[in-house]
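Reading through the structure tokens given below for one structure.
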Amino acid sequence: KLQFLYLIGTISMPSGPGDDARRAALKREARGFVWSVLEAHREEALEAYPPRCVDKIPNFKGARAAAARLAAEDAFREAACVKVNPSLAQQPVRKAVLEAGKVLLSTMPMTDAFLEEGGRDDDDGAGDGLAGFDEARLVFYLIDPSTLPFAVSLDRVVTKKGMALYGVPFVFAAPDHADICYPDGITPCRAAVDAATGAVVLPSSPRVGLAPVCVPHVDLVVFGATCVSRATGVRLGKGKGFAEREYSVLNNRQLITARTATATTCHALQVMDDWGGLPQWRSFTERLRGACPWVEADATPADVLNPERLMDARHDVGVDVIATPLGVASACRA
């Protein structure tokens, strides 16, 4: 029986450089399995857009219900600032954040061109997937619901275009107060790190015209996911390392700390724990042995999504909360 929402501990195990290629191969196989399962059950599991979920964070059916389940949890209710990824599947979560009067932090969606110009694919097996990343090119949006125009539609605000229109865009400069430019690429400004709080104080964007803002501590981070495990806390995205880069930037500035909870919303089919013993899983493990011969022939989902095999302590992040549309179940954080 598919479960509903799980609270599990964030796990991140150390690994050596020789594990990178194996980790990358196993991640690709796990993602491919879940994408194929979702496509096979498209009518019940996926929204019509986009037409294919492969290489994307799946836009699953029931995203609003999953967001509502998450919004009822203590980790959400007690948060003052919530960072939510910009994927379409998490759009209802972004709306729930603003409806609850909380500060929303999100990002301008990154593309493969971003990686080609300054970063590296998370799954290239060539070491630290965040190497070569230029933080000053990552644009964040800060949206305080108390500053939004009267009667503006939150459904519009939380879209990708809406966040660019109504949010305060900013980037993080180097700790030495380096000069930076806003997203228009022309307007220079200066960003300074508040040594007392770790918050980054930024001048307002000339496109928005608000007063200078102070980025608050992030109490909850909501990721997108391709697949997750409630048994291990492992979460896999779409394989580009975008979310990990964003997390790293905030963590390096103490805007994310040990007090920050992590979560994801997804379809129940994306929770891999429930696939063990089913015919589809046996077929998958048989194929998996061809690409990853070191994996046991009778591997369970927990064996595949094993943090010692998959999580790189340099940047991978597990989740505490997994919300699906079906309901809620909870356990103590490890």
Scanning both residues in full, the closest heavy-atom pair of Ala243 with Phe223 reads CB-CD2, 3.6 Å
task: Could you tell me whether the side chain of Val82 reaches within less than 4.5 Å of the side chain of Val103, counting heavy atoms only?
output: no
Under a side-chain separation threshold of 4.5 Å, the hydrophobic residues clustered together with Phe150 are none
Requested in this report: Compare all side-chain heavy atoms of Leu220 with those of Arg259 and state whether any distance is below 4.5 angstrom.
Outcome: no
- Task: Might you work through the side chain to side chain contact (heavy atoms under 4.5 Å, CB included) test for His217 and Thr260, ending with a clear yes or no?
- Result: CA-CA 8 Å; His217 178 270; Thr260 303; 3.4 Å; yes
Tell me whether Val158 is reachable from Phe60 by hopping between hydrophobic residues (I, L, V, M, F, W, Y) whose side-chain heavy atoms are closer than 4.5 Å. no
Indicate, with yes or no, if Ile57 and Leu269 share a hydrophobic cluster defined by side-chain heavy-atom contacts under 4.5 Å among Ile, Leu, Val, Met, Phe, Trp and Tyr.
-> no
Heavy atoms of Ala75 and Ala79 approach each other most closely as O-CB, 3.5 Å
*asked:* Could you check whether any side-chain heavy atom of Met163 comes within less than 4.5 Å of a side-chain heavy atom of Arg94, counting everything from C-beta outward?
replied: yes
Phe33 meets the ring pair (Phe, Tyr, Trp, His ring centres under 6.0 Å) criterion, sequence neighbours left out, with Trp275, Trp281, Phe284
When rounded to the nearest 0.5 Å, the distance separating OG1 of Thr226 from CE of Met272 is 11.0 Å
When rounded to the nearest 0.5 Å, the distance separating CZ of Arg287 from SG of Cys292 is 12.0 Å
Between the OH atom in Tyr141 and the CG atom in Leu105, the distance rounded to the nearest 0.5 Å is 12.0 Å
Are Leu148 and Leu154 close enough, and set up right, to give a side chain to side chain contact (heavy atoms under 4.5 Å, CB included), and what steps lead you there?
CA-CA 9 Å; Leu148 292 173; Leu154 292 184; 3.8 Å; yes
Tightest non-hydrogen contact, residues Lys238 and Arg31, listed as C-NE, 3.6 Å
Close side-chain approach of Val319 to Val221, heavy-atom, < 4.5 Å
no
For residues 49-68, the salt bridge (Lys or Arg N to Asp or Glu O under 4.0 Å) pairs (sequence neighbours left out) are none
d(Asn306 CG, Leu26 CG) to nearest 0.5 Å is 9.0 Å
Residue set satisfying salt bridge (charged side-chain N to carboxylate O under 4.0 Å, His left out) with Asp74, at least two apart, ordered chain then number -> Arg77
Thr264 side chain to Ile322 main-chain N or O, any donor-acceptor pair under 3.5 Å?
no
Worksheet item: Checking Thr265 side chain against Ala323 main chain: does a donor-acceptor pair fall under 3.5 Å?
Response: no
- Message: Are Tyr247 and Val215 connected into the same hydrophobic cluster when the rule is that any two of I, L, V, M, F, W, Y join if their side-chain heavy atoms are below 4.5 Å apart?
- Response: yes
Is it the case that the side chains of Thr147 and Asp144 hold a donor-acceptor pair, with the cut-off being a distance below 3.5 Å and no angle test? no
- Task: Ignoring hydrogens and angles, tell me if any N or O in the side chain of Asp273 forms a donor-acceptor pair with the backbone of Ala231 under 3.5 Å.
- Result: yes
Contacts satisfying side chain to side chain donor-acceptor pair (under 3.5 Å) that involve residues 95-104 (not counting sequence neighbours) are Lys95-Asp155
Check your understanding: If we only count heavy atoms from C-beta on, is the Glu246 to Lys83 side-chain gap below 4.5 Å?
Key -> yes
Quick note, side chain to side chain donor-acceptor pair (under 3.5 Å) partners involving residues 34-50, not counting sequence neighbours, are Glu39-Arg42
Contacts of Thr285 meeting side-chain hydrogen bond (donor to acceptor under 3.5 Å, both in side chains) (sequence neighbours excluded), chain-then-number -> none
Residues 260-272 vs salt bridge (Lys or Arg N to Asp or Glu O under 4.0 Å), sequence neighbours excluded, gives none
- Task: Check whether any side-chain heavy atom of Val304 sits under 4.5 Å from a side-chain heavy atom of Leu288, and report yes or no.
- Result: yes
Arg282 meets the side-chain hydrogen bond (donor to acceptor under 3.5 Å, both in side chains) criterion, sequence neighbours left out, with none
Across all chains, not counting sequence neighbours, the salt bridge (charged side-chain N to carboxylate O under 4.0 Å, His left out) partners of Arg235 are Glu244
Taking every heavy atom of Leu46 against every heavy atom of Pro58, the minimum-distance pair comes out as CD2-CB, 4.0 Å
### Query
Same cluster for Leu165 and Leu104 if Ile/Leu/Val/Met/Phe/Trp/Tyr side chains link at under 4.5 Å?
yes
- Task: Check whether any side-chain N or O of Arg230 sits under 3.5 Å from a backbone N or O of Val271 as a donor-acceptor pair, and report yes or no.
- Result: no
Between Pro301 and Gly276, the two heavy atoms sitting closest are CG-N, 3.5 Å
What verdict does the side chain to side chain contact (heavy atoms under 4.5 Å, CB included) test give for Asp316 and Val234, after you've listed the backbone C-alpha separation in whole Å, the side-chain angles of each residue and the deciding distance to 0.1 Å? CA-CA 9 Å; Asp316 284 340; Val234 169; over 6 Å; no
Below 4.5 Å, heavy atoms only, C-beta onward: do Leu98 and Val157 meet side chain to side chain?
yes
Practice prompt. Kindly say whether Thr300 contributes a backbone atom to a donor-acceptor pair with the side chain of Asp303 at under 3.5 angstrom?
Written response: yes
Of all heavy-atom pairs linking Leu70 and Val222, the shortest is CD2-CG2, 4.0 Å
Hydrophobic cluster membership, with links at side-chain heavy-atom distances under 4.5 Å among I/L/V/M/F/W/Y: are Ile143 and Leu88 in one? no
Residue pairs meeting side chain to side chain donor-acceptor pair (under 3.5 Å), one or both in residues 290-299, sequence neighbours left out, come to Glu296-Arg309
Between the SG atom in Cys81 and the CG atom in Leu142, the distance rounded to the nearest 0.5 Å is 6.5 Å
Exercise. Do Leu250 and Phe140 come close enough that some side-chain heavy atom pair is under 4.5 Å?
Worked result: yes
*His267 and Thr324: side chain donor to acceptor below 3.5 Å*: no
Taken in chain and number order and not counting sequence neighbours, the residues that satisfy side-chain hydrogen bond (donor to acceptor under 3.5 Å, both in side chains) with Ser87 are Asn85
Rounded to the nearest 0.5 angstrom, the SG-CG distance for Cys53 and Asn59 is 10.0 Å
